Amino acid sequence: MTAPTVMSALRSPRLLKTEVLAGLVVALALIPEAIAFSIIAGVDPRVGLFASFVMAVSIAFLGGRPAMISAATGAIALVIAPVAREYGLDYFIATVILAGIFQIAFGVLGVAKLMRFIPRSVMIGFVNALAILIFTSQFPHLIGVPAMVYPMVGVGLLVMILLPKLTTAVPAPLVAIVLLTAATVVFALNVPDVGDEGELPSSLPSLFFPDVPLTVDTFTIIAPYALAMALVGLLESLMTAKLVDDITDTHSNKTREGWAQGVSNVLTGFFGGMGGCAMVGQTMINVKASGARTRISTFLAGVFLLILVVGLGDVVALIPMAALAAVMIMVSVGTMDWHSVHPKTLRRMPRSETLVMAATVIVTVTTHNLAYGVIVGVLTAMVMFARRVAHLTNVEKVSEADTNEDGLVDTRVYRVTGELFFASSNDLVYQFDYVDDPANVIIDLTGADIWDASTVATLDAIQHKYEAKGKHVEIIGLDGASLERHRGLSGTPTSSH
């Protein structure tokens with residue numbers, strides 16, 4: 001399927017209208033989330049808003065997945081929030097810039113290709129953990145607050161649940177925010193608002209150079225957070241790109257998207273933004289709900305966002321925090337993969353898959369670090385895979401065997417089948433009867449494959465055990481790469497017939 005291009009959209013009024021309206025809708029939806037993510041990160045709302053503007057505009061030109069929306073995100077906010085809290089804004093921005101540099105390096109090195117090794121169960125755990133963290137991050141805005149906050153949150157949730165059933169022409173989160181802001185102003189409700197969180201921008205973003213010493217100590221402080229941000233941003237961006245590929249039935253350049261995310265984060269940092277990555281929710285609004293397919297919608301989302309914030313900053317400051325808390329609760333609900341935790345799904349799912357997903361979620365929620373969760377999830381999946389494959393190896397005695405002149409068994413044949421590697425070959429040495437077997441033993445590996453040096457060492461050990469009993473062993477049936485590995489790593493001869 002051929003996707004529309006920027007030029008084809010510019011030549012077609014119908015396509016251009018779709019792109020423009022999609023960009024506007026996304027910009028409207030970005031405002032409350034950018035502010036909310038800034039608050040999660042512990043920085044002024046302008047830091048998140050500038051990040052969303054710079055990322056959307058830059059990724060529109062640089063990214064490898066047209067129509068995907070990148071901006072300030074909850075995942076990034078959660079990862080680097082400790083830097084702002086413990087070291088201040090300058091170190092925070094320096095972390096964003098270093099994370100962008102890491103992403104550029106990862107992109108150039110082709111790390112995007114490693115996405116194929118991340119199991120689906122890890123990705124589901126990643127998404128579910130992100131949903132839980134976004135939800136729990138709202139607790140400070142729901143505990144120890146005026147009583148009026150709770151009904152306002154309830155009304156906001158009802159609007160966002162019911163409105164889409166009537167119309168999707170206007171984003172439900174925006175309607176909820178407008179209604180609750182109007183109610184706060186009209187009835188002079190005394191509830192916390194965005195203005196209490198920090199000053200909104202009244203001008204265009206300008207260059208910002210973080211005032212941090214360029215020393216090893218500074219690098220030691222920010223590097224762990226920057227690395228985590230780089231990995232989380234790449235994971236979420238590449239996962240979102242794959243999702244858009246499936247929806248649009250088109251292919252994206254994952255390597256380009258990887259280094260483009262890095263460049264965008266570096267630019268974002270030098271304009272005083274908090275960095276970010278691809279956004280699943282806004283991308284779905286753009287691609288699925290609005291029908292956008294080109295970079296025009298992504299670019300206009302950033303431009304419209306800046307116009308709305310700079311031009312209407314005083315109004316945005318009146319938005320009650322209850323409205324943003326309601327929006328973030330809905331974001332967490334929409335992010336959660338509810339099918340994956342349904343009892344029917346859990347009953348059908350192999351226990352190993354459920355364990356991998358649970359490990360990813362538990363580590364992520366416990367450490368508040370999505371990168372740690374993904375790493376543990378991948379390692380758990382590797383262990384589960386190794387155990388499963390190890391059990392597929394089989395050793396059996398073949399009934400047909402030669403006899404000597406006295407009618408006694410002279411040769412015993414063993415047939416080994418399966419994939420032989422460090423996990424499956426460890427127990428292989430115990431599968432043979434070294435004492436009672438006859439003088440000649442044949443080990444037939446026609447149905448097996450040798451994958452590593454551990455297996456070759458095990459086969460050598462088996463031969464040495466038989467030789468210690470004065471018996472001769474011949475290994476047959478190897479070919480191709482298995483034969484080459486055995487010849488190159490073994491100290492004993494092998495027959496290939």
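Bear in mind the structure is a predicted one, so any value in this text is a computation, not a measurement. For the single chain, residues carry numbers from 1 onward in sequence order.
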[X] versus [Y]: any side-chain heavy-atom pair under 4.5 Å?
X: Leu62; Y: Arg256; value: no
X: Leu300; Y: Val20; value: yes
X: Val83; Y: Glu86; value: no
X: Val333; Y: Trp338; value: yes
X: Asp193; Y: Ile319; value: no
X: Phe271; Y: Ser206; value: no
X: Phe135; Y: Met328; value: no
X: Phe50; Y: Val309; value: no

For [X] versus [Y], what's the shortest heavy-atom pair and its separation?
X: Asn286; Y: Gly23; value: OD1-N, 4.3 Å
X: Phe126; Y: Val374; value: CD1-CG2, 3.4 Å
X: Ala176; Y: Met160; value: CB-CG, 4.0 Å
X: Ala359; Y: Thr380; value: CB-OG1, 3.9 Å
X: Ile80; Y: Tyr225; value: CG2-O, 4.1 Å

Point to revise | Chi angles and distances behind the side-chain contact (heavy atoms from CB on, under 4.5 Å) call for Val263, Ile104 | key: CA-CA 7 Å; Val263 174; Ile104 294 172; 3.8 Å; yes
Practice item. Apply ring-ring contact (aromatic ring centres under 6.0 Å, His included) to Phe270 and Phe208, showing your working. Key: CA-CA 5 Å; Phe270 281 122; Phe208 178 90; 9.1 Å; no
Point to revise | Check: Phe299 ring centroid to Phe61 ring centroid under 6.0 Å | key: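 Yes, close enough.
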Point to revise | Among Thr250, Val287, Leu238, the one residue meeting side chain to side chain contact (heavy atoms under 4.5 Å, CB included) with Arg65 | key: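 When side chain to side chain contact (heavy atoms under 4.5 Å, CB included) is applied between Arg65 and each of Thr250, Val287, Leu238, only Thr250 qualifies.
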**Study point:** Qualifying residue, where the test is side chain to side chain contact (heavy atoms under 4.5 Å, CB included) with Leu157 and the options are Val327, Leu162, Ile329
**Key:**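 Of Val327, Leu162, Ile329, side chain to side chain contact (heavy atoms under 4.5 Å, CB included) with Leu157 is met by Ile329 alone.
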Short side-chain donor-acceptor distance under 3.5 Å, [Y] and [X]:
X: Thr215; Y: Thr218; value: yes
X: Trp451; Y: Glu419; value: yes
X: Ser38; Y: Asp44; value: no
X: Thr5; Y: Ser8; value: yes

Point to revise | Side-chain donor/acceptor of Tyr150 to backbone N/O of Leu142, under 3.5 Å | key: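 Yes, because the side chain of Tyr150 sits within donor-acceptor range (under 3.5 Å) of the backbone of Leu142.
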Review point. Is there a donor-acceptor pair under 3.5 Å between the side chain of Thr345 and the backbone N or O of Val341?
Key: no
From [X] atom [atom1] to [Y] atom [atom2], the distance as rounded to the nearest 0.5 Å:
X: Ile69; Y: Cys277; atom1: CD1; atom2: SG; value: 12.5 Å
X: Ser52; Y: Gln282; atom1: OG; atom2: CD; value: 8.5 Å
X: Phe219; Y: Leu98; atom1: CZ; atom2: CG; value: 5.5 Å
X: Glu19; Y: Thr298; atom1: CD; atom2: OG1; value: 8.0 Å
X: Glu257; Y: Ser252; atom1: CD; atom2: OG; value: 7.0 Å
X: Ile161; Y: Met330; atom1: CD1; atom2: CE; value: 5.0 Å

Practice item. Applying side-chain contact (heavy atoms from CB on, under 4.5 Å), run through Gln261 and Met55 and close with a yes or a no. Key: CA-CA 8 Å; Gln261 288 287 330; Met55 285 214 73; 3.6 Å; yes
[X], [atom1]: over 12 other non-hydrogen atoms inside 6.0 angstrom:
X: Met148; atom1: CE; result: no
X: Asp246; atom1: CG; result: yes
X: Leu214; atom1: CG; result: no

Practice item. For the pair His141 and Ile39, evaluate side-chain contact (heavy atoms from CB on, under 4.5 Å) and give the outcome as yes or no after the intermediate values. Key: CA-CA 10 Å; His141 306 299; Ile39 294 167; 3.4 Å; yes
Check your understanding: Can you list the steps and then say if Leu234 with Phe106 is a side-chain contact (heavy atoms from CB on, under 4.5 Å)?
Key -> CA-CA 9 Å; Leu234 283 179; Phe106 291 151; 3.7 Å; yes
